[in-house]
Amino acid sequence: MSGPAAATERPVVVPYDPTWAADGPALCAALRSALGPAALHVDHIGSTAVPGMAAKDILDVQVSVGDLDAAAEAFGGPLAALGFTHLPALRRDHVPAGRDGEDPADWVKRYWKRRTAGTARVNLHVRRAGSPNERLALLFRDWLRATPQAVPAYAGFKHALAGVVPDTGTYADVKDPVVDLVVVVAEQWAAETGWRPHA
């Protein structure tokens, strides 16, 4: 769910870094302050938000908004000041298998990245509040947090995959169907537990 940082980079998966647990929320707080009330929620997502999970050393953050176009316009200046670069070509998330009949507009987003020397590397995903892609990012994180026995297997898969693919674009393409399998189980867990985003 995290999305590619740059399709030509080689993926490097590292062991879990305990500093991510503090760095992620601190970054979210800074973004919340910089972006103002248009940022309805700011969440640390992705593998760096899961205790014990190996990951690329890039923090993934999701900003939930009411209107993507208005947010993209409003966020441009504040994010540039924080070292973020907007990538307008990355405007749609992977749609999980079996959900291809859904409205493609429900899976759009806006995307920024930060690769400034001396600061944490960040992928920033702006998604519409209540959209399926916003929900899925939170569900994926929360299911893994609640199912620590699944973490070693998924981490091992990512380590192995990163060692054989040439770039992060291929890494994401191969990983997406595995995420789709996880999502099936995570959706069952959500139904059984009454999980809700931002509950």
Side-chain angles (χ1 to χ4, degrees), residues 1-7 19-50 55-96 99 102-145 168 172 176 179 183 186-187 190 194-199:
M1 282 300 304
S2 62
T19 64
W20 294 336
D23 292 346
L27 173 62
C28 289
L31 287 166
R32 203 172 289 115
S33 176
L35 299 178
L40 303 177
H41 301 281
V42 183
D43 295 286
H44 182 199
I45 59 167
S47 291
T48 60
V50 177
K56 299 193 297 294
D57 190 14
I58 302 171
L59 298 174
D60 280 283
V61 173
Q62 175 170 273
V63 179
S64 303
V65 300
D67 182 277
L68 283 174
D69 290 331
E73 185 174 347
F75 292 171
L79 288 175
L82 293 173
F84 285 87
T85 301
H86 184 215
L87 275 70
L90 294 176
R91 295 175 67 97
R92 187 170 181 268
D93 283 312
H94 164 74
V95 179
R99 300 177 69 168
E102 295 186 14
D103 185 348
D106 287 339
W107 295 86
V108 297
K109 68 175 179 181
R110 302 294 181 268
Y111 174 80
W112 281 258
K113 71 174 184 177
R114 185 173 73 185
R115 300 293 187 270
T116 308
T119 62
R121 299 193 300 164
V122 182
N123 294 333
L124 191 148
H125 312 263
V126 177
R127 297 182 173 114
R128 184 175 54 79
S131 64
N133 54 348
E134 183 229 19
R135 177 185 178 278
L136 196 58
L138 298 168
L139 173 61
F140 186 75
R141 178 200 67 186
D142 288 355
W143 180 80
L144 282 168
R145 285 177 171 177
T168 55
D176 280 341
V179 172
V183 166
E187 289 287 8
W195 175 89
R196 294 290 182 273
H198 302 115

(message) Testing the basics here: between Leu139 and Ala190, what is the closest heavy-atom pair and its distance to 0.1 Å?
(response) CD1-CB, 3.9 Å
(request) For residues Ala39 and Val42, report the shortest heavy-atom separation together with the two atoms involved. (result) CB-CG2, 3.9 Å
(request) For the residue pair Arg91 and Val108, establish whether any side-chain heavy-atom pair is separated by less than 4.5 Å. (result) no
(request) Taking the side chain as every heavy atom from C-beta outward, state whether Val50 and Trp143 have any atom pair closer than 4.5 Å. (result) no
(message) Distance check, rounded to the nearest 0.5 Å: Ser64 atom OG versus Leu138 atom CG?
(response) 6.5 Å
(message) Donor-acceptor pair, distance only, cut-off 3.5 Å: does the side chain of Arg92 make one with the backbone of Ala105?
(response) no
(message) Quick one, Val61 with Ile45, criterion side-chain contact (heavy atoms from CB on, under 4.5 Å). Give me CA distance, side-chain angles, the key distance, then yes/no.
(response) CA-CA 6 Å; Val61 173; Ile45 59 167; 5.8 Å; no
(message) To the closest 0.5 Å, what do you measure between CZ (Arg115) and CZ (Phe84)?
(response) 9.5 Å
(message) Asp23: which residues meet the side chain to side chain donor-acceptor pair (under 3.5 Å) condition with it, sequence neighbours left out?
(response) none
(message) For the CG atom of Leu136 and the OG atom of Ser131, what is their distance to the nearest 0.5 Å?
(response) 9.5 Å
(message) With rounding to the nearest 0.5 angstrom, report the CH2 to CZ distance, Trp107 to Arg99.
(response) 4.0 Å
(request) Just jot down the side chain to side chain donor-acceptor pair (under 3.5 Å) partners of Trp112, sequence neighbours excluded, or say none. (result) none
(message) Applying side chain to side chain donor-acceptor pair (under 3.5 Å) as the test, list every pair that has at least one member in residues 24-45; sequence neighbours left out.
(response) Asp43-His198, His44-Thr48
(request) Look up atom SG in Cys28 and atom CG in Leu59, then write down how far apart they are to the nearest 0.5 Å. (result) 8.5 Å
(message) Holding to salt bridge (charged side-chain N to carboxylate O under 4.0 Å, His left out), I want the full list of residues that pass it with Arg135, two or more places apart in sequence or in another chain.
(response) Glu187
(request) Check Ala38 against Phe75 and note the closest heavy-atom contact, atom names and distance. (result) CB-CE2, 3.8 Å
(message) Tell me if a side-chain donor or acceptor on Arg127 pairs with a main-chain N or O of Asp93 at a distance below 3.5 Å.
(response) no
(request) State which residues pass side chain to side chain contact (heavy atoms under 4.5 Å, CB included) with Thr85; sequence neighbours excluded, sorted by chain then number. (result) Leu87
(request) Show the numbers, then the answer: is there a side-chain contact (heavy atoms from CB on, under 4.5 Å) between Leu124 and Tyr111? (result) CA-CA 6 Å; Leu124 191 148; Tyr111 174 80; over 6 Å; no
(message) If the condition is side chain to side chain contact (heavy atoms under 4.5 Å, CB included), which residues does Ala30 pass it with, not counting sequence neighbours?
(response) none
(request) Tell me, please, which residues at least two apart from Arg196 pass side chain to side chain donor-acceptor pair (under 3.5 Å). (result) none
(message) Show me the pairs that pass side chain to side chain donor-acceptor pair (under 3.5 Å) and involve residues 65-81, at least two apart or across chains.
(response) Asp69-Arg110
(request) Identify the heavy atoms of Gly83 and Arg114 that sit nearest to each other, and give their distance. (result) O-CG, 3.3 Å
(message) Within the 4.5 Å heavy-atom criterion, are Leu35 and Val65 side-chain neighbours or not?
(response) no
(message) To check you understand the geometry: which heavy-atom pair defines the closest contact between Trp20 and Lys56, and what is its length?
(response) CZ2-O, 4.3 Å
(request) Nearest 0.5 Å please: distance from the OG1 atom of Thr119 over to the CG atom of Leu82. (result) 9.5 Å
(request) Ignoring hydrogens and angles, tell me if any N or O in the side chain of Gln62 forms a donor-acceptor pair with the backbone of Glu134 under 3.5 Å. (result) yes
(request) Could you tell me which non-hydrogen atom of Leu68 sits nearest to which non-hydrogen atom of Val126, and how far apart they are? (result) CD2-O, 3.3 Å
